[in-house]
Protein chains: 2
Amino acid sequence: MKSAFDKIAAGLEDAIAYAKGDDSRGRVATVDVKAVREATALTQAAFARTYHFPIGTLRDWEQGRRNPDAGSAMLLKMIQVDPKGVERIIAKVA
Amino acid sequence: MKSAFDKIAAGLEDAIAYAKGDDSRGRVATVDVKAVREATALTQAAFARTYHFPIGTLRDWEQGRRNPDAGSAMLLKMIQVDPKGVERIIAKVA
DNA sequence: TGCTTATATACGGCAATGCCGTATAAGAAA
DNA sequence: TTTCTTATACGGCATTGCCGTATATAAGCA
(Lines give C-alpha, C1' and ligand atoms only; values in the text may rest on other atoms or scores of the structure.)
Protein backbone atom coordinates (compact mmCIF):
# COMPACT_ATOMS: atom_id res chain seq x y z
CA MET A 1 0.00 0.00 0.00
CA LYS A 2 1.10 3.57 -0.57
CA SER A 3 2.18 5.82 2.28
CA ALA A 4 0.32 9.07 2.82
CA PHE A 5 3.35 10.89 1.49
CA ASP A 6 3.43 8.83 -1.67
CA LYS A 7 -0.23 9.51 -2.26
CA ILE A 8 0.27 13.25 -1.93
CA ALA A 9 3.30 13.08 -4.21
CA ALA A 10 1.33 11.13 -6.78
CA GLY A 11 -1.47 13.65 -6.56
CA LEU A 12 0.92 16.50 -7.21
CA GLU A 13 2.35 14.70 -10.19
CA ASP A 14 -1.12 14.25 -11.59
CA ALA A 15 -1.84 17.92 -11.09
CA ILE A 16 1.38 18.91 -12.81
CA ALA A 17 0.64 16.55 -15.68
CA TYR A 18 -2.69 18.26 -16.18
CA ALA A 19 -1.18 21.70 -15.92
CA LYS A 20 1.20 20.77 -18.73
CA GLY A 21 -1.69 19.54 -20.82
CA ASP A 22 -2.21 21.07 -24.24
CA ASP A 23 -5.16 23.38 -23.79
CA SER A 24 -3.30 25.71 -26.11
CA ARG A 25 -6.21 25.83 -28.48
CA GLY A 26 -9.97 25.79 -28.34
CA ARG A 27 -10.58 23.00 -25.89
CA VAL A 28 -11.99 23.74 -22.49
CA ALA A 29 -10.52 22.70 -19.17
CA THR A 30 -10.74 18.99 -18.55
CA VAL A 31 -11.43 16.92 -15.43
CA ASP A 32 -9.06 15.01 -13.20
CA VAL A 33 -11.01 11.77 -13.44
CA LYS A 34 -8.56 9.82 -11.34
CA ALA A 35 -8.85 12.35 -8.54
CA VAL A 36 -12.64 12.26 -8.70
CA ARG A 37 -12.67 8.49 -8.46
CA GLU A 38 -10.06 8.27 -5.70
CA ALA A 39 -12.11 10.72 -3.67
CA THR A 40 -14.88 8.14 -3.73
CA ALA A 41 -12.45 5.44 -2.60
CA LEU A 42 -13.72 3.09 -5.30
CA THR A 43 -11.67 0.92 -7.64
CA GLN A 44 -11.95 1.61 -11.36
CA ALA A 45 -14.23 -1.38 -11.73
CA ALA A 46 -16.46 -0.34 -8.84
CA PHE A 47 -16.60 3.28 -9.97
CA ALA A 48 -17.51 2.18 -13.48
CA ARG A 49 -20.28 -0.03 -12.15
CA THR A 50 -21.61 2.56 -9.75
CA TYR A 51 -21.92 5.35 -12.28
CA HIS A 52 -22.39 3.20 -15.38
CA PHE A 53 -19.26 4.23 -17.22
CA PRO A 54 -17.70 1.71 -19.62
CA ILE A 55 -14.53 0.63 -17.84
CA GLY A 56 -12.37 0.89 -20.93
CA THR A 57 -13.40 4.49 -21.38
CA LEU A 58 -12.75 5.24 -17.74
CA ARG A 59 -9.24 3.84 -18.13
CA ASP A 60 -8.53 6.07 -21.11
CA TRP A 61 -9.62 9.10 -19.14
CA GLU A 62 -7.53 8.31 -16.11
CA GLN A 63 -4.49 7.56 -18.21
CA GLY A 64 -4.90 10.83 -20.06
CA ARG A 65 -5.25 9.09 -23.39
CA ARG A 66 -8.64 10.63 -24.02
CA ASN A 67 -10.62 13.48 -22.56
CA PRO A 68 -14.26 13.09 -21.60
CA ASP A 69 -16.70 15.08 -23.69
CA ALA A 70 -18.79 17.89 -22.22
CA GLY A 71 -21.62 15.66 -21.01
CA SER A 72 -19.43 13.07 -19.35
CA ALA A 73 -17.23 15.80 -17.92
CA MET A 74 -20.28 17.42 -16.34
CA LEU A 75 -21.38 14.14 -14.80
CA LEU A 76 -17.89 13.58 -13.42
CA LYS A 77 -17.86 17.02 -11.85
CA MET A 78 -21.25 16.33 -10.33
CA ILE A 79 -19.87 13.13 -8.81
CA GLN A 80 -17.01 15.17 -7.47
CA VAL A 81 -19.19 17.59 -5.58
CA ASP A 82 -22.00 15.23 -4.60
CA PRO A 83 -21.31 11.55 -5.22
CA LYS A 84 -24.21 10.36 -3.09
CA GLY A 85 -26.62 12.79 -4.65
CA VAL A 86 -25.69 11.49 -8.07
CA GLU A 87 -26.05 7.91 -6.93
CA ARG A 88 -29.52 8.66 -5.62
CA ILE A 89 -30.68 10.04 -8.94
CA ILE A 90 -29.10 7.18 -10.86
CA ALA A 91 -31.03 4.80 -8.64
CA LYS A 92 -34.22 6.30 -10.03
CA VAL A 93 -32.95 5.87 -13.58
CA ALA A 94 -31.85 2.28 -13.39
CA MET B 1 -47.78 26.75 -32.28
CA LYS B 2 -48.49 23.06 -32.41
CA SER B 3 -51.79 21.62 -31.25
CA ALA B 4 -51.80 19.02 -28.52
CA PHE B 5 -52.63 16.42 -31.13
CA ASP B 6 -49.71 17.39 -33.31
CA LYS B 7 -47.38 17.16 -30.35
CA ILE B 8 -48.54 13.68 -29.51
CA ALA B 9 -48.29 12.64 -33.14
CA ALA B 10 -44.78 14.02 -33.31
CA GLY B 11 -43.89 12.16 -30.17
CA LEU B 12 -45.14 8.91 -31.59
CA GLU B 13 -43.15 9.46 -34.73
CA ASP B 14 -40.06 10.03 -32.66
CA ALA B 15 -40.68 6.87 -30.74
CA ILE B 16 -41.17 4.87 -33.93
CA ALA B 17 -38.01 6.35 -35.39
CA TYR B 18 -36.10 5.17 -32.36
CA ALA B 19 -37.71 1.76 -32.44
CA LYS B 20 -36.51 1.38 -36.02
CA GLY B 21 -33.03 2.41 -35.00
CA ASP B 22 -30.15 0.06 -35.76
CA ASP B 23 -29.34 -1.50 -32.40
CA SER B 24 -28.83 -4.68 -34.41
CA ARG B 25 -25.30 -4.99 -33.15
CA GLY B 26 -23.37 -4.27 -29.96
CA ARG B 27 -24.71 -0.84 -29.12
CA VAL B 28 -26.90 -0.34 -26.11
CA ALA B 29 -30.28 1.35 -26.07
CA THR B 30 -30.06 5.06 -26.68
CA VAL B 31 -31.94 8.04 -25.26
CA ASP B 32 -34.74 10.11 -26.72
CA VAL B 33 -33.00 13.40 -26.14
CA LYS B 34 -35.73 15.46 -27.74
CA ALA B 35 -38.31 13.92 -25.43
CA VAL B 36 -36.14 14.56 -22.39
CA ARG B 37 -35.72 18.21 -23.33
CA GLU B 38 -39.35 18.77 -24.24
CA ALA B 39 -40.35 17.38 -20.87
CA THR B 40 -38.41 20.25 -19.34
CA ALA B 41 -40.21 22.72 -21.59
CA LEU B 42 -36.92 24.37 -22.48
CA THR B 43 -35.72 25.43 -25.94
CA GLN B 44 -32.59 23.74 -27.26
CA ALA B 45 -30.57 26.82 -26.40
CA ALA B 46 -31.95 27.03 -22.87
CA PHE B 47 -31.52 23.32 -22.26
CA ALA B 48 -27.94 23.50 -23.48
CA ARG B 49 -27.23 26.43 -21.18
CA THR B 50 -28.93 24.87 -18.18
CA TYR B 51 -27.10 21.56 -18.35
CA HIS B 52 -23.95 22.76 -20.04
CA PHE B 53 -24.24 20.76 -23.24
CA PRO B 54 -22.67 22.20 -26.42
CA ILE B 55 -25.65 23.23 -28.49
CA GLY B 56 -24.28 21.74 -31.69
CA THR B 57 -23.96 18.39 -30.02
CA LEU B 58 -27.45 18.61 -28.61
CA ARG B 59 -28.76 19.26 -32.10
CA ASP B 60 -27.01 16.19 -33.47
CA TRP B 61 -28.55 14.07 -30.76
CA GLU B 62 -32.08 15.34 -31.28
CA GLN B 63 -31.84 14.96 -35.02
CA GLY B 64 -30.61 11.41 -34.64
CA ARG B 65 -27.38 12.16 -36.44
CA ARG B 66 -25.27 11.07 -33.50
CA ASN B 67 -25.88 9.11 -30.32
CA PRO B 68 -24.69 10.33 -26.95
CA ASP B 69 -21.96 8.25 -25.35
CA ALA B 70 -22.56 6.38 -22.11
CA GLY B 71 -21.68 9.27 -19.81
CA SER B 72 -23.82 11.84 -21.58
CA ALA B 73 -26.62 9.33 -21.95
CA MET B 74 -26.56 8.73 -18.19
CA LEU B 75 -26.72 12.44 -17.48
CA LEU B 76 -29.63 12.81 -19.89
CA LYS B 77 -31.52 10.00 -18.18
CA MET B 78 -30.86 11.64 -14.84
CA ILE B 79 -32.33 14.87 -16.18
CA GLN B 80 -35.30 12.87 -17.33
CA VAL B 81 -36.10 11.46 -13.91
CA ASP B 82 -35.04 14.44 -11.79
CA PRO B 83 -34.29 17.62 -13.72
CA LYS B 84 -34.34 19.82 -10.65
CA GLY B 85 -32.14 17.48 -8.67
CA VAL B 86 -29.58 17.56 -11.45
CA GLU B 87 -29.78 21.33 -11.62
CA ARG B 88 -29.12 21.56 -7.90
CA ILE B 89 -25.98 19.48 -8.13
CA ILE B 90 -24.77 21.40 -11.15
CA ALA B 91 -25.20 24.59 -9.18
CA LYS B 92 -22.59 23.30 -6.77
CA VAL B 93 -20.25 22.47 -9.62
CA ALA B 94 -20.39 25.73 -11.47
C1' DT C 1 -50.16 39.60 -46.96
C1' DG C 2 -45.41 40.29 -46.19
C1' DC C 3 -41.62 41.08 -42.94
C1' DT C 4 -39.19 39.82 -38.74
C1' DT C 5 -37.88 37.12 -34.98
C1' DA C 6 -37.36 32.80 -32.55
C1' DT C 7 -36.62 27.94 -32.92
C1' DA C 8 -35.45 23.80 -35.07
C1' DT C 9 -33.76 20.93 -39.03
C1' DA C 10 -29.95 19.58 -42.19
C1' DC C 11 -25.44 18.78 -43.28
C1' DG C 12 -20.25 19.33 -44.41
C1' DG C 13 -16.12 18.04 -42.21
C1' DC C 14 -11.92 16.96 -39.47
C1' DA C 15 -9.97 16.13 -35.25
C1' DA C 16 -10.82 13.40 -31.46
C1' DT C 17 -13.12 10.16 -28.73
C1' DG C 18 -15.74 5.78 -27.43
C1' DC C 19 -15.12 1.37 -26.34
C1' DC C 20 -13.32 -3.27 -26.91
C1' DG C 21 -9.52 -6.34 -26.16
C1' DT C 22 -5.23 -7.75 -24.33
C1' DA C 23 -0.48 -7.59 -22.73
C1' DT C 24 2.39 -5.74 -18.99
C1' DA C 25 3.51 -3.56 -14.40
C1' DA C 26 3.08 -3.04 -9.42
C1' DG C 27 1.64 -3.73 -4.78
C1' DA C 28 -0.29 -6.86 -1.16
C1' DA C 29 -0.88 -10.98 1.00
C1' DA C 30 -0.11 -15.88 1.37
C1' DT D 1 8.13 -16.77 -5.16
C1' DT D 2 3.42 -17.46 -6.35
C1' DT D 3 -1.02 -15.58 -6.60
C1' DC D 4 -4.64 -11.99 -6.62
C1' DT D 5 -6.07 -7.65 -7.45
C1' DT D 6 -5.79 -3.25 -9.43
C1' DA D 7 -3.94 -0.20 -12.73
C1' DT D 8 -1.10 1.14 -16.81
C1' DA D 9 -0.29 0.86 -21.85
C1' DC D 10 -1.68 0.59 -26.36
C1' DG D 11 -3.56 -1.14 -31.00
C1' DG D 12 -7.42 0.01 -33.77
C1' DC D 13 -11.73 1.13 -36.23
C1' DA D 14 -16.15 2.83 -36.15
C1' DT D 15 -18.42 6.62 -34.38
C1' DT D 16 -18.90 10.87 -32.18
C1' DG D 17 -17.89 15.78 -30.60
C1' DC D 18 -18.41 20.19 -31.86
C1' DC D 19 -18.17 24.11 -34.97
C1' DG D 20 -20.31 26.67 -38.66
C1' DT D 21 -23.88 27.82 -41.70
C1' DA D 22 -27.78 27.39 -44.84
C1' DT D 23 -32.68 26.25 -44.88
C1' DA D 24 -37.31 25.35 -43.02
C1' DT D 25 -41.15 26.44 -39.73
C1' DA D 26 -44.13 28.58 -36.94
C1' DA D 27 -45.71 33.05 -34.61
C1' DG D 28 -46.64 37.72 -34.12
C1' DC D 29 -47.08 42.20 -35.99
C1' DA D 30 -47.42 46.13 -38.98
Side-chain angles (χ1 to χ4, degrees), chain A residues 1-7 9-11 13-14 17-18 21-76, chain B residues 1-7 9-11 13-14 17-18 21-76:
Chain A
M1 200 57 88
K2 279 183 179 176
S3 70
F5 177 80
D6 285 338
K7 285 195 174 181
E13 276 166 23
D14 288 346
Y18 273 99
D22 190 59
D23 210 26
S24 56
R25 215 187 69 276
R27 286 274 183 268
V28 203
T30 167
V31 189
D32 188 334
V33 181
K34 190 175 177 184
V36 173
R37 177 179 61 82
E38 291 183 333
T40 67
L42 293 172
T43 64
Q44 291 182 337
F47 186 86
R49 257 182 276 115
T50 304
Y51 300 105
H52 298 264
F53 288 114
I55 190 156
T57 304
L58 179 65
R59 282 178 187 142
D60 284 343
W61 291 340
E62 292 205 15
Q63 295 172 201
R65 216 159 76 109
R66 300 283 145 74
N67 291 308
D69 57 89
S72 295
M74 181 74 258
L75 179 50
L76 287 164
Chain B
M1 197 60 85
K2 279 181 180 178
S3 69
F5 177 80
D6 286 337
K7 285 196 174 182
E13 278 166 22
D14 288 347
Y18 273 100
D22 190 57
D23 209 28
S24 55
R25 215 187 68 278
R27 286 274 183 266
V28 202
T30 168
V31 190
D32 187 336
V33 182
K34 191 175 177 184
V36 173
R37 176 178 64 80
E38 291 183 334
T40 67
L42 293 172
T43 63
Q44 292 182 336
F47 187 85
R49 257 182 274 115
T50 304
Y51 300 105
H52 299 263
F53 287 114
I55 190 155
T57 303
L58 179 66
R59 282 179 188 141
D60 284 343
W61 291 339
E62 293 204 13
Q63 293 173 203
R65 216 159 76 109
R66 298 285 144 72
N67 291 308
D69 57 89
S72 295
M74 181 75 257
L75 179 50
L76 287 164

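Order of the sequence lines sets the chain letters (A, B, ...), proteins ahead of strands, with each chain counted from 1. Note that the structure is predicted; figures quoted are calculated from it, not measured.
- Straight-line distance from the CD atom of Glu62(A) to the P atom of dT17(C): 16 Å, rounded to whole Å.
- The side-chain hydrogen bond (donor to acceptor under 3.5 Å, both in side chains) check on Arg66(B) picks up nothing, with sequence neighbours excluded.
- By the salt bridge (Lys or Arg N to Asp or Glu O under 4.0 Å) test, Arg65(A) is found to be paired with Asp60(A), residues two or more places apart in sequence or in another chain being considered.
- Atom pair Phe47(B):CZ and dT7(C):C1' shows a separation of 16 Å (rounding to whole Å applied).
- Every residue was checked against the salt bridge (Lys or Arg N to Asp or Glu O under 4.0 Å) condition with Asp69(B), not counting sequence neighbours, and none meets it.
- Remark: the Gln44(A) side chain and the dA7(D) base include no donor-acceptor N/O pair separated by less than 3.5 Å.
- Going from atom CG of Asp69(A) over to atom C1' of dG17(D) covers 7 Å, rounded to whole Å.
- The interatomic distance linking Asn67(B) (CG) with dC19(C) (P) rounds to 11 Å, in whole Å.
- One finds no side-chain N or O of Lys34(B) lying less than 4.0 angstrom from the OP1 or OP2 phosphate oxygen of dA8(C).
- A heavy atom closer than 4.0 Å to some atom of DNA chain D occurs in Pro54(B), Thr57(B), Arg59(B), Asp60(B), these being the qualifying members of residues 48-60 of chain B.
- In this structure, CZ of Arg66(B) is placed 12 Å from C1' of dA15(C), rounded to the nearest angstrom.
- Closest-nucleotide positions on DNA chain C for Ala45(B) and Arg65(A) were compared, and the one nearer the 5' end corresponds to Ala45(B).
- One finds no side-chain N or O of Trp61(B) lying less than 4.0 angstrom from the OP1 or OP2 phosphate oxygen of dC18(D).
- Atom CD of Gln63(B) is separated from atom P of dA22(D) by 16 Å (rounded to the nearest Å).
- Ring-plane geometry between Trp61(B) and Phe53(B) is classed as perpendicular, the angle between the planes exceeding 60 degrees on a 0 to 90 degree scale with a lower cut at 30.
- Listed by chain and number, the residues in a side chain to side chain contact (heavy atoms under 4.5 Å, CB included) with Ala48(B) are Ile55(B), Leu58(B) (sequence neighbours excluded).
- Scored by the side chain to side chain contact (heavy atoms under 4.5 Å, CB included) test, Ala39(A) finds no partners at all (sequence neighbours excluded).
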